[in-house]
Amino acid sequence: MGTGPGSFAGIRAALAFAQGFALGRPCEVLGLPSPCAIAAQLGGAGPLAVVGDARRGKVWIALFDGFSLVRDVFQVDSENLLGSVPGGWPVVTPDAARLGDSLAATFGARYRGGQTPTDEGLRAFAEANPAALVREPRPIYLNPAVR
């Protein structure tokens, strides 16, 4: 299952359903960050930065070296985006409608456009790097709770 980032409530509900469904069956629920699907869909070759809209002037970033997530998905203020993606790395986004123009202006030819993560992409990433699978997955939550 994709664990996000995304709609926290939606991802939490989907994970809860999957975990409840799996209780009565001989299976377990495994998860991966959703940007892993995009890395796999692009062949898992070389470095890649997947950048998404975290809203409120922030973006989230997932950095890949092939089929390996270099570090946990993280978020930065939009003005710190350029310094948060290693030089020369290609950049794609699942949020092209909201971020495409900004990413094209920031990264120029390094920006390779929009990509939508798919279940097939998650499967391909999991098969290429089973060690990346998270048992008992939880949604990726990038912001502290609001009181």
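- Atom CZ of Arg56 and atom OG of Ser78 lie 13.5 Å apart (nearest 0.5 Å).
- Residues Ala40 and Gly121 share a closest heavy-atom pair of CB-O, 3.3 Å.
- Hydrophobic cluster membership of Val134, counting Ile, Leu, Val, Met, Phe, Trp and Tyr whose side-chain heavy atoms lie under 4.5 Å apart directly or via other members: none, as it forms a cluster of its own.
- Here the CD1-OG1 distance, from Ile38 to Thr116, works out to 7.0 Å after rounding to the nearest 0.5 Å.
- Between Pro35 and Pro5, the closest side-chain pair of non-hydrogen atoms falls below 4.5 Å.
- Within 6.0 Å of CG on Asp77 lie more than 12 heavy atoms contributed by other residues, nucleotides or ligands.
- Heavy-atom minimum distance, Ala124 versus Phe67: O-CE2, 4.3 Å.
- Closest approach of Ala39 to Gly66, counting heavy atoms only: CB-O, 4.3 Å.
- The two residues Pro33 and Val73 have their closest heavy-atom pair at CB-CG2, 4.0 Å.
- Residue pairs meeting the side chain to side chain donor-acceptor pair (under 3.5 Å) criterion with at least one member in residues 59-70: none, sequence neighbours excluded.
- Under the side-chain hydrogen bond (donor to acceptor under 3.5 Å, both in side chains) criterion, Glu120 pairs with Arg123, sequence neighbours left out.
- One N or O on the side chain of Gln41 and one on the backbone of Thr118 form a donor-acceptor pair closer than 3.5 Å.
- With sequence neighbours left out, Ala22 forms a side-chain contact (heavy atoms from CB on, under 4.5 Å) with Cys27, Val29.
- Side-chain N or O atoms of Asp53 include none that pairs as donor or acceptor with a backbone N or O of Asp95 at under 3.5 Å.
- The side-chain hydrogen bond (donor to acceptor under 3.5 Å, both in side chains) test applied to Gln115 returns no partner, not counting sequence neighbours.
- Through direct or relayed side-chain contacts under 4.5 Å between Ile, Leu, Val, Met, Phe, Trp and Tyr, Leu82 connects to Val51, Val59, Ile61, Leu63, Val70, Phe74, Val76, Leu81, Val85, Trp89, Val91, Leu99, Leu103, Phe107, Tyr111.
- Gln75 contributes atom CD, which lies 12.5 Å from atom CZ of Arg55 (distance to the nearest 0.5 angstrom).
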